[in-house]
Amino acid sequence: IQRFCPLDISICTWAFATMKHREPEWLRAVVRARCEFADFSPQNMSNFVWGLSTLGFRHDNMVLAVGREASRKIQDFIPQELSNFSWALATMDLCDNLM
């Protein structure tokens, strides 16, 4: 995973969620990788947190780090990305933690 770009990480997480395949090794590897979310595009962030939420995987510190970065780039999100991102945070009950 160290050689993965943000797109790779977000698409793999999204794909596992779409297939409803909870892959614990992948999720642990993502946490261990300590991703630099500043490099993620709004679509990458949206797909990533949607995938985590859909899989029922909750790692508050990581998701909140994505949320802080998303708040810096909020003007770059299109409505679909913002909707999916918001749904994921609400599903994980993390909306209030970003305020």
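The shortest side-chain heavy-atom distance between V63 and F57 does not fall under the 4.5 Å cut-off. Within the 4.5 Å cutoff, no side-chain heavy atoms of R3 are placed close to those of D8. Side-chain contact check for E81 versus D76: every heavy-atom pair is 4.5 Å or farther apart.
R72 CZ: more than 12 foreign heavy atoms inside a 6.0 Å radius.
For the atom pair R28 CZ and E23 CD, the distance stands at 8.5 Å (nearest 0.5 Å). With rounding to the nearest 0.5 angstrom, the CD1 atom of I78 is 7.0 Å from the CD atom of Q43. Going from atom CD of Q75 over to atom CG of L82 covers 11.5 Å, rounded to the nearest 0.5 Å. Here the CD atom belonging to E69 is positioned 11.5 Å from the CG atom belonging to N44, to the nearest 0.5 angstrom. For the atom pair CG (L7) and CG (N47), the distance works out to 8.5 Å, reported to the nearest 0.5 Å. Here the straight-line distance linking atom CD of E25 with atom CZ of R32 works out to 6.0 Å at 0.5 Å rounding.
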- Step by step, work out the side-chain contact (heavy atoms from CB on, under 4.5 Å) result for M62 and V30. CA-CA 9 Å; M62 182 174 62; V30 169; 3.8 Å; yes
* **Intermediate values then yes/no, side-chain contact (heavy atoms from CB on, under 4.5 Å), L64 and R68** => CA-CA 6 Å; L64 292 172; R68 285 188 293 277; 3.7 Å; yes
Determine whether L52 and T13 satisfy the following criterion, side-chain contact (heavy atoms from CB on, under 4.5 Å), listing intermediate values before the conclusion.
CA-CA 7 Å; L52 295 177; T13 305; 4.0 Å; yes
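Linking Ile, Leu, Val, Met, Phe, Trp and Tyr whenever their side-chain heavy atoms come within less than 4.5 Å puts V31 and M45 in one cluster. With hydrophobic clusters built from ILVMFWY side chains whose heavy atoms lie under 4.5 angstrom apart, V49 shares a cluster with F4. Both I74 and V66 are members of a single hydrophobic cluster when ILVMFWY side chains are connected at heavy-atom separations under 4.5 Å.
Exactly one residue among F77, F40, F48 makes a ring-ring contact (aromatic ring centres under 6.0 Å, His included) with F85. That residue is F77.
In this structure, S86 contributes its side chain and S83 its backbone to no donor-acceptor pair below 3.5 Å. Proximity of a side-chain donor or acceptor of S10 to a complementary backbone N or O of P6 within less than 3.5 Å is detected.
Minimum heavy-atom separation, S53 to A88: OG-O, 3.5 Å.
Taking the six-membered ring where the residue is Trp, W14 and W50 present tilted rings, their angle falling between 30° and 60°.
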